[in-house]
Engineer: 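Below are the structure tokens for one structure; questions will follow.
To find a chain, count down the sequence lines: A is the first, B the second, and so on, and within it residues start at 1.
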Amino acid sequence: MRKYTPKDNVQKKSYYTDRFWVAPRIPREAVEEGTHFAKVVAKMGEFVKEAYVERGQLVIHIDAKENFNAIKRLKEECGYAQCSEQSAVDYLAQDGEFELFYQFLNLNEAKRVRIVCRIKENESIESIEPLFKSANFAEREIYDMFGIKINNHSYMKRILMPDDWEGYPLRKTYPLQGDEFAQWYEVDKIFGKEYREVIGPENRDPARIDRYDTKRFSRVGYEVPFGADISEGETPTPIEYSETLLVDYNKDAGKQLNERK
Amino acid sequence: MQQPNKLEPFFENINFERDDNTMVINFGPQHPSAHGQLRLILELDGEQVVKAHPDIGYLHRGIEKMAENMIYNEFLPTTDRLDYIASTSNNYAFALAVERLLGIEEKVPRRAKVIRTMLLEVNRIISHLFFLATHALDVGAMSVFLYAFREREYGMDLMEDYCGARLTHSAVRIGGVPLDLPKGWIDNLLAWCDKVEKEVEITYEALLNENRIWRMRLEDVGIISAEDALNWGCTGPMIRGSGIKYDIRKEEPYELYDELDFDIPVSDRCDSYGRYRIYMEEIKQSIRILRQLVPMYKQTEPQLMAHAPQYISAPKEEIMTQNYSLMQHFVLVTQGMRPPKGEVYVPTESPKGELGFYIKSEGEPYAYRLKCRAPSFFHTGVLQKMLVGTYIADVVTIIGSTNIVFGEVDR
């Protein structure tokens with residue numbers, strides 16, 4: 001019977017996990033009174049669903065519908081002038097949701113805040129491009145990699161993958177080696193779909209090694225002349241060691257192979 | 001509307017033909033000064049750029065996807081391929097992110113910290129020399145390219161002496177460094193520092209600082225105001241070139257930077273010339289840091305890897321002599337370390353700017369999500385802003401002065 005692999009997450013899994021293994025969690029510290037982060041949480045007010053400090057950075061969970069207003073307030077009232085990074089995490093298999101995060105930097109205080117929100121698979125999210133121009137590229141990448149639609153973005157288009165690409169590469173359902181479309185992309189595009197059979201999977205894959213091809217591949221220990229036909233089998237090349245001019249007085253003690261391993 | 005097919009590809013200048021106003025031209029992806037794989041679609045009015053549209057992705061290898069399918073130690077050599085001019089800074093940024101996720105940042109031995117800081121600064125100098133060389137070549141100063149590559153070559157020899165590789169170093173491990181400095185390395189390093197310092201002064205700066213052509217090509221070219229630089233996510237020399245004094249090494253110190261004495265060069269010129277001066281000044285500061293690190297190295301104990309048996313293999317001698325260490329090593333190699341659940345974002349100051357790794361762990365040996373915040377990605381984005389209104393002859397200068405490397409833009 002074929003081994004069951006879950007279709008909603010085709011990424012690599014650990015081959016063995018102890019039955020009683022429970023992964024610990026990084027401690028989520030409460031925001032201490034009087035710190036800079038406490039002021040940020042107070043200013044963010046009604047937007048905050050959950051706030052804690054994780055490894056020295058404030059994490060604020062907000063409602064995805066409020067993202068523009070919340071980030072506007074963070075920028076204008078809390079002094080977070082740079083959006084270092086934004087991207088998403090695929091939780092479709094577990095919850096049917098994406099988790100989006102925005103990473104902000106306050107240059108005066110040298111503090112970092114992460115805003116986290118969740119959206120359902122078919123929901124879209126408001127662009128923060130009017131606030132942070134860095135979102136221009138970052139949001140295009142989110143769309144490209146996860147297929148999350150961003151509303152009111154000035155140029156919503158794929159950025160890293162070609163415009164006519166199918167599928168979203170960073171989703172957990174997308175295999176590491178690429179799906180069928182990805183594997184045949186060049187052939188389909190240059191020659192047309194009908195050429196898939198003419199070209200064949202063996203020529204499509206540049207990493208393929210043909211055992212019987214004596215023109216492009218050498219076989220250590222089984223050397224034959226260039227282009228020789230070896231479909232009938234080939235004989236191993238006898239082991240030879242170069243004879244040096246030095247006299248070997250202790251020949252029997254040498255470590256030389258008599259046959260290949 | 002034209003109907004492109006295989007024999008008659010899309011003709012971009014249809015706009016120009018029809019309206020007799022703007023011309024759309026393709027810059028790259030094969031242009032020698034496109035720094036690899038940048039395709040710029042420029043809309044020109046005469047010689048002036050009306051609209052610039054960077055088209056990236058020609059070097060996309062799916063490194064973030066690969067990170068989800070590799071154990072943490074396996075992924076480390078892949079980070080070499082991000083910013084391949086200064087690979088150790090990527091290795092280090094990733095290693096630091098994982099260490100913070102594991103909570104073993106404090107356990108890294110002091111000698112490993114000294115070596116890492118040394119390697120980071122050597123890489124910074126190598127990268128800045130590369131910037132100077134290619135930037136000068138783009139602008140037209142061929143000889144500077146040759147001189148700068150000479151010193152860069154000696155720097156890469158240093159890296160080769162340490163780790164055996166010239167470009168893809170993988171010279172940092174999660175929890176420390178793999179090797180101690182080889183014999184005589186420190187002396188070579190100091191000799192190289194002297195050499196670079198002298199060359200910066202008598203060759204590069206003497207050739208360029210007051211050079212009339214260089215100044216005319218660079219001054220007031222590629223202007224980006226402080227506000228725009230912040231807004232577009234610029235970091236590193238790009239933001240310091242616009243008058244904002246922010247260096248992660250100083251503001252959010254990691255490794256030994258809080259013990260070291262160095263200055264952060266800033267320029268309020270906001271143009272390519274200011275950024276060029278910053279790069280030169282940073283080379284001098286890195287040399288200063290390296291000279292301070294040499295006596296620090298001599299005071300350290302020989303331990304190189306952190307002692308955290310749950311996550312990091314024991315030293316080789318212990319593995320070969322002690323059964324339990326061997327068992328743990330076996331599990332760590334075959335299954336991989338299992339960090340706690342949680343997420344971290346760890347910024348570091350790479351030669352290009354803020355290089356950060358966001359890691360989301362679900363307690364598995366494979367990262368659930370790894371996002372690499374590459375400075376060059378945002379510096380490519382800002383070209384949309386910087387190029388508008390400039391002349392086509394300056395486009396090459398501006399691309400050169402942003403110092404983008406496509407390994408990290410496309411990942």
Engineer: Tell me, for B:Tyr246 versus chain A, whether the close heavy atoms (under 4.5 Å) come from the side chain, the backbone, both or neither.
Structural biologist: side chain
Engineer: Is a donor on one side and an acceptor on the other found under 3.5 Å between the side chain of B:Arg373 and the backbone of A:Ser84?
Structural biologist: yes
Engineer: What residue in B:Gly62, B:Pro375, B:Gly103 has the most heavy-atom pairs under 4.5 Å with chain A?
Structural biologist: B:Gly103
Engineer: Where on B:Glu252 is there a heavy atom nearer than 4.5 Å to chain A: the side chain, the backbone, both, or neither?
Structural biologist: side chain
Engineer: Quick one: what part of A:Lys13 sits under 4.5 Å from any heavy atom of chain B, side chain, backbone, both or neither?
Structural biologist: backbone
Engineer: List the steps, then state whether salt bridge (Lys or Arg N to Asp or Glu O under 4.0 Å) holds for B:Arg411 with A:Glu141.
Structural biologist: CA-CA 12 Å; B:Arg411 299 183 297 276; A:Glu141 197 189 335; 2.5 Å; yes
Engineer: By a 4.5 Å heavy-atom criterion (distance strictly below it), what part of B:Leu59 contacts chain A: side chain, backbone, both, or neither?
Structural biologist: neither
Engineer: Using non-hydrogen atoms and a 4.5 Å limit, figure out which bit of A:Glu54 sits close to chain B: side chain, backbone, both or neither.
Structural biologist: side chain
Engineer: I would like to know whether B:Tyr368 and A:Tyr91 meet ring pair (Phe, Tyr, Trp, His ring centres under 6.0 Å); could you show each step before the answer?
Structural biologist: CA-CA 10 Å; B:Tyr368 193 76; A:Tyr91 280 109; 5.0 Å; yes
Engineer: Looking only at heavy atoms, what is the nearest atom pair of A:Leu176 and B:Lys65, with distance?
Structural biologist: CD1-CG, 3.7 Å
Engineer: What closest approach, in Å, do A:Gln82 and B:Ala229 show between heavy atoms, and which atom pair accounts for it?
Structural biologist: NE2-O, 4.1 Å
Engineer: For the residue pair B:His53 and A:Tyr155, categorise the inter-ring angle as parallel (less than 30°), tilted (30 to 60°) or perpendicular (more than 60°).
Structural biologist: perpendicular
Engineer: For a quick test of reading the model, state the closest non-hydrogen atom pair linking A:Ser87 to B:Arg369 and the distance between them.
Structural biologist: OG-NH2, 2.7 Å
Engineer: Under 4.5 Å heavy-atom distance to chain B, tell me which part of A:Arg114 shows up: side chain, backbone, both or neither.
Structural biologist: side chain
Engineer: Would you mind checking which part of B:Glu64 comes under 4.5 Å of any heavy atom in chain A, side chain (CB onward), backbone (N, CA, C, O), both or neither?
Structural biologist: both
Engineer: Taking all atoms of both residues into account, what is the closest heavy-atom pair of B:Leu230 and A:Ala81, and its distance?
Structural biologist: CD1-CB, 3.9 Å
Engineer: Using heavy-atom distances under 4.5 Å, tell me whether A:Arg112 contacts chain B through its side chain, its backbone, both, or neither.
Structural biologist: side chain
Engineer: Determine, for B:Lys360 against A:Glu99, whether the closest basic-nitrogen to carboxylate-oxygen distance falls under 4.0 angstrom.
Structural biologist: yes
Engineer: Who among A:Phe132, A:Tyr16, A:Trp21, A:Phe101 has the most heavy-atom pairs with chain B under 4.5 Å?
Structural biologist: A:Phe101
